[in-house]
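This report refers to the structure that appears directly beneath it.
A note on names: the letters A, B, ... follow the listed sequences, proteins ahead of strands, and every chain is numbered from 1.
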2 protein chains.
Amino acid sequence: MCLQCDYESLLRASRLDVTDNRRRVLEVIGNNSYPLSAADIFQTLQRSAAINRVTVYRILDLLVAHGLVERISTGGRAAYFGLAPNEHHRPHPHFYCKRCGQMECLNPESLTLDSDAFGKTFPGRIDKVEVRLDGICKNCMR
Amino acid sequence: MCLQCDYESLLRASRLDVTDNRRRVLEVIGNNSYPLSAADIFQTLQRSAAINRVTVYRILDLLVAHGLVERISTGGRAAYFGLAPNEHHRPHPHFYCKRCGQMECLNPESLTLDSDAFGKTFPGRIDKVEVRLDGICKNCMR
DNA sequence: CCCATCGTGCAATAAAGTTGCATAGACCAA
DNA sequence: TTGGTCTATGCAACTTTATTGCACGATGGG
């Protein structure tokens, strides 16, 4: 998703110690063109070197808390994770295939939403706007 | 949410047998002005008459499959349920408070999205568009 | 009345995520 | 270097949310 991103610098910029595991988690997420579930990330990491499931969850929480990674809900049960919007990546909607469970990133322009205007009239704090389309992807259609 | 809705007729219109439990589940969902979690629905039902937790899940699945009820994801773990859009209820976005876990329905006009145009160019099937804002509600702000 | 079907309950299980505690490693001051 | 402190990680146990398998009971048609 982001060849311009230097994951180590991203960690440092958030004042997080750089550890192997953190760098690896961020790499797996960043190198994918679509968001992954915690289980996907865990399995991918396991293939290259041992890591504990709980460590993955903890690192994901940390990265989400520091705004490096975004937690995306699905029509299903598990949460998915992708790089959070930043100067290289604008916020964008996602498409979730109910059949195969894969999530796609959609073009930021494809569906626009004026949430700023709404935010001004809303009597609470808005941290995030999530737009998700659910359906069947073209591969599963056949 | 819907004083005009006759839940028994809704069930019949979907060719579902009308049972006490189904009517009760639909009533609890329909009489609320905001979506509820399965646990909320179960507890509410328990207060008036015994029902099994699994039955609630099964009825929810059934109602969702028949398009009477809509499953709404949250920033958290559990799914929430509200009446599905129909002639009385237009699709609308939701606001989820990360602190208290309550979900609010927002005005259909407050955030509009042109998904029809997008749908024409998308090479898959789109069943549903979900727009959710996450943040802190005004009660939890203080 | 008998059989088939469907809705429900109960127990067990699964999936996804969290917590508590122990160890190991990094970093710093003396 | 040593000792102290802090953080990251691993492991086991647990929680929450949801699903499955099986049995029972009610209902309606032949």
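Counting to the nearest Å, the P atom of dT7(D) and the NE2 atom of His66(A) are 12 Å from each other. Regarding Ile59(B), its CD1 atom lies at a distance of 15 Å from the C1' atom of dA18(D), rounded to whole Å. Across the protein-nucleic acid pair, Ile51(A) atom CD1 and dC11(D) atom C1' stand 14 Å apart, rounded to whole Å. Atom pair Arg24(B):CZ and dT8(C):P shows a separation of 10 Å (rounding to whole Å applied). The separation between Leu60(A) atom CG and dA8(D) atom P is 15 Å, rounded to whole Å. Atoms CG (Leu11(A)) and P (dA8(D)) sit 11 Å apart, rounded to a whole Å. Between the CZ atom of Arg23(A) and the C1' atom of dA8(D) there is a distance of 15 Å, given to the nearest Å. A straight line from CG of Leu63(B) to C1' of dT8(C) spans 15 Å, rounded to a whole angstrom.
Side-chain contact between Thr19(B) and Leu11(B): absent, with no pair of heavy atoms (C-beta onward) separated by less than 4.5 Å.
An OP1 or OP2 oxygen of dC6(C) is reached within less than 4.0 angstrom by no side-chain nitrogen or oxygen of Thr19(B). Applying the 4.0 Å criterion to OP1 and OP2 of dG7(C), one finds that Thr55(B) has every side-chain N and O outside that range. For Asn52(A) and dT9(D), the shortest distance from a side-chain N or O to OP1 or OP2 is not below 4.0 Å.
In this model, a donor atom of one side chain and an acceptor atom of the other lie less than 3.5 Å apart for Ser9(A) and Asp6(A). A side-chain donor-acceptor contact under 3.5 Å links Arg132(A) and Ser73(A).
Remark: Thr44(B) pairs with Val28(B), Arg47(B) by the side chain to side chain contact (heavy atoms under 4.5 Å, CB included) rule, at least two apart or across chains.
For Tyr57(B) and Phe42(B), the gap between ring centers reaches or exceeds 6.0 Å.
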Under-3.5 Å N/O pairs linking protein and nucleotides 15-20 of chain C:
| unit_1 | atom_1 | unit_2 | atom_2 | d |
| --- | --- | --- | --- | --- |
| dA15(C) | O4' | Arg77(A) | NH2 | 3.4 |
| dG17(C) | OP1 | Ala79(A) | N | 3.1 |
| dG17(C) | OP2 | Tyr57(A) | OH | 3.1 |
| dG17(C) | N7 | Arg53(A) | NH1 | 3.0 |
| dG17(C) | O6 | Arg53(A) | NH2 | 3.2 |
| dG20(C) | O6 | Arg58(A) | NH1 | 3.4 |

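Under the 4.0 Å criterion applied to side-chain N and carboxylate O atoms, Arg71(B) and Asp61(B) are assigned as salt-bridge partners. Note on Arg22(B) versus Asp20(B): no salt bridge recorded, every NZ/NE/NH1/NH2 to OD/OE distance being 4.0 Å or above.
For the pair His88(B) (side chain) and Asn86(B) (backbone), a donor-acceptor distance under 3.5 Å is absent.
Aromatic ring pairs are classed by plane angle as parallel below 30°, tilted from 30° to 60° and perpendicular above 60°; the pair Tyr96(A) and Tyr80(A) is perpendicular.
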Using a 4.0 Å heavy-atom cut-off, write out nucleotides 23-28 of chain D from 5' to 3' as B (base contacted by protein), S (sugar-phosphate only) or - (no contact). ------

